[in-house]
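Heads up: numbering here begins at 1 and tracks the sequence.
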Amino acid sequence: MIVILTLLCSLAFFHFFGKAVKKKPAVLYGICILLSLVSIFYPREGGLPFLDFFFKKIMQRGVLAGSLFIWVMLAPVLPKSFSGRKTIYLLRGEMAICASLITLAHNLAFGGKYFGALFFGQGHISLMELHAAIVSCLMILLLIPLTVTSFQAVRRKMQGKTWKKLQNWSYLFYLLLYLHIFFIYQGALLRGKGEYFFTLMLYSFIFGFYGFLRIRQYRMQKESKEKKAFPLLRIAGILPIVCLFLSGFYSAGKYRAALEANVDKIRAQESVAESIGNGEENNSSEKASEASGDKASTNSSDASSDSQAADEDNISGAYKDGECFGKASAYNGNVEVKVTISGGKITAIDIVKTKDDEEYFFDAQKKVIPEILEKQSTDVDAVAGATTSSEGICHAVQKALEQAKQ
C-alpha cells in the first residue's frame, strides 16, 4: 500500500508542478537535499506520526527514491495512451536526479550497519542482507556517472552517441534495483514477516511489466543491430538471476540456523560463567558459616538458595528500588536495557542500546516489554520472526534484576 501511494503521489506532484520543475529544477534538487539531510538525522523516537511515517517509512527506506526510479524506467516504454506518459517522459532527467539525491539518504541511514558488516566484518547480517549490500555497492558505482550526466548542463557538453551509450547502463541499474528490493524483502519473509509478500509481488509485477513492454517495443522497432543486442542481453540475464535466487533460498535458511546456534552457544557460555560465579559465592558463604559454627544460619542460607533457584525468573517484590542495567546477546550483537523498580516491582523497561534491525527489534520490544511488566516475570513468549531479539530482551532484563536482588 505504501509503494502504491508513493507512486501515485510522486506522479501527481510532477503532473501539477512539472512546468515549474522544468524552469527551475535546482529548487527541487535543493528540497531533495534538505529532506535527505533531515531524514539522515531524524530521531528514532519522539516524532510526530505524520513525520515518522514520511521520514522513516518513505524516505529512509528508499520507497520514494525507488518510486521515482520506476517512473524513469517506465517512461520510454509506456503506451502513448497512458495519460501521464508525457509528463514522465519530459521530466525523467529531473526525476532521476531527485531519486539519486534521496538514495544518498537511504544509504546513509542503513548503510552504516550493512556496509560495516560487508567491508569490516562488524556485526552480523543475514545472507539476503549481504547480497543486498553487495548489490547496493554496484548500484552506487553505476548511479554516480548516470546521475552526473543527467544534468542538462553536462548533457549539452557530451556527444549524443556517447551520452546514449553511457545511459544504456541504466538497464543494468534497473536490474540491480530489483535484485536489491528482492533480497531485502525476501530476507524479511524468511524471518517471518509475511505482510511483505504482497509488496514483493507488487515490485515483481512492475519490473516484469517493464520487461514485457521493453520486449514489445523491441519487436515493434526493427532498426539497428546494436539495439537488438540490448534486449537479448537482458533476456539472457534472467538465467543467472534464477540461479542466484535458488542459491539464496537454500543458503538463507542455513545461515539463519547457524546464527541462531551461535547465539545459543554464547548464552550457554554466559550461563556457565554465571553458575561458576554463583558457586564460588556459595562456597565462600559455607566456609564462613562453618568457621562461625552457626549451623542454623547455614540451613537458612541453603533454604534461601533453593528458593531463589526455584523462582529465578519470577518477580515477587524481592528487589530493591532504583534503576539497574543488564546486557545480553541478541540477533546482531548485544542488547542493553535499563530496568526501573519501584515498590519491589518492575515499573519501566527502557532499551539503552541495540544493534538489531529497528523494524524487527521494534516488533519484539512492542510485545515482550509490556508482557514482562504485566506478568512481572521474564517468562514470556517470543515474537515470531524476532525470536532472538525477544530472547535477548528477556535475558538482559533478567541480568538487570539479578543486580537488584535484596
Side-chain angles (χ1 to χ4, degrees), residues 62-78 88-89 92-104 106-107 110-111 114-115 118-119 128-151 154-155 158-186 200 203-219 221 223-248:
V63 177
L64 179 56
S67 298
L68 293 176
F69 279 131
I70 286 173
W71 286 127
V72 175
M73 176 182 73
L74 292 175
V77 297
L78 284 173
I88 301 171
Y89 192 83
R92 66 188 187 281
E94 289 78 7
M95 295 174 77
I97 294 172
C98 291
S100 301
L101 294 174
I102 298 171
T103 299
L104 176 64
H106 170 65
N107 280 281
F110 287 91
Y114 299 110
F115 294 149
L118 177 62
F119 294 109
M128 288 296 177
E129 292 170 337
L130 178 63
H131 286 166
I134 294 173
V135 170
S136 292
C137 294
L138 297 175
M139 289 173 63
I140 292 172
L141 292 177
L142 284 172
L143 194 60
I144 293 173
L146 289 174
T147 302
V148 172
T149 54
S150 294
F151 286 94
V154 177
R155 181 177 178 178
M158 297 179 64
Q159 293 183 356
K161 289 185 177 180
T162 303
W163 182 86
K164 196 168 185 178
K165 286 182 179 180
L166 180 61
Q167 289 297 315
N168 279 333
W169 285 99
S170 60
Y171 295 127
L172 178 59
F173 177 81
Y174 300 147
L175 173 61
L176 293 174
L177 177 59
Y178 175 72
L179 285 176
H180 178 75
I181 292 171
F182 175 85
F183 289 136
I184 291 296
Y185 284 99
Q186 183 61 37
L200 179 57
Y203 276 119
S204 298
F205 172 79
I206 291 173
F207 281 85
F209 182 63
Y210 166 74
F212 168 77
L213 292 177
R214 176 58 71 181
I215 294 172
R216 175 176 173 271
Q217 186 183 69
Y218 161 71
R219 290 179 176 177
Q221 296 175 347
E223 296 180 359
S224 66
K225 293 182 179 180
E226 182 181 1
K227 287 192 174 182
K228 291 181 181 180
F230 283 102
L232 293 176
L233 286 175
R234 290 195 295 276
I235 296 170
I238 294 175
L239 182 60
I241 296 172
V242 172
C243 295
L244 187 60
F245 285 178
L246 293 176
S247 174

Of Phe209, Phe207, Phe183, Tyr171, the residue whose pairing with Tyr178 passes ring-ring contact (aromatic ring centres under 6.0 Å, His included): Phe207

Leu200 CG to Ile184 CD1 distance, which is reported to the nearest 0.5 Å: 11.5 Å

Within-4.5 Å side-chain heavy-atom neighbours: Met139 and Phe173: yes

Inter-residue atom distance Trp71.CH2 - Ile206.CD1, 0.5 Å rounding: 8.0 Å

Leu142 vs Leu176 side-chain heavy atoms within contact, under 4.5 Å: yes

Atom pair CD (Gln159) and NZ (Lys164), whose distance is rounded to the nearest 0.5 Å: 14.5 Å

Audit row: Tyr174, Val72, side-chain contact (heavy atoms from CB on, under 4.5 Å) steps and yes/no: CA-CA 10 Å; Tyr174 300 147; Val72 175; 3.7 Å; yes

Atom OH of Tyr89: over 12 foreign heavy atoms under 6.0 Å: no

Ile88 CD1 to Met73 CE distance, which is reported to the nearest 0.5 Å: 11.0 Å

Gap between atom CD1 of Ile102 and atom OG of Ser67 - 0.5 Å precision: 9.5 Å

Trp169 side chain to Leu146 backbone, donor-acceptor under 3.5 Å: no

Atom pair CG/CD1 of Leu68 and Ile97 - distance to nearest 0.5 Å: 12.0 Å

Sub-4.5 Å side-chain heavy-atom contact between Leu143 and Phe69: yes

Side-chain heavy atoms of Tyr210 within contact of Ile70, under 4.5 Å: no

Closest non-hydrogen atom pair between Leu166 and Pro145, with its separation: CD2-O, 4.2 Å

Working for side-chain contact (heavy atoms from CB on, under 4.5 Å), residues Gln167 and Ser150: CA-CA 9 Å; Gln167 289 297 315; Ser150 294; 4.3 Å; yes

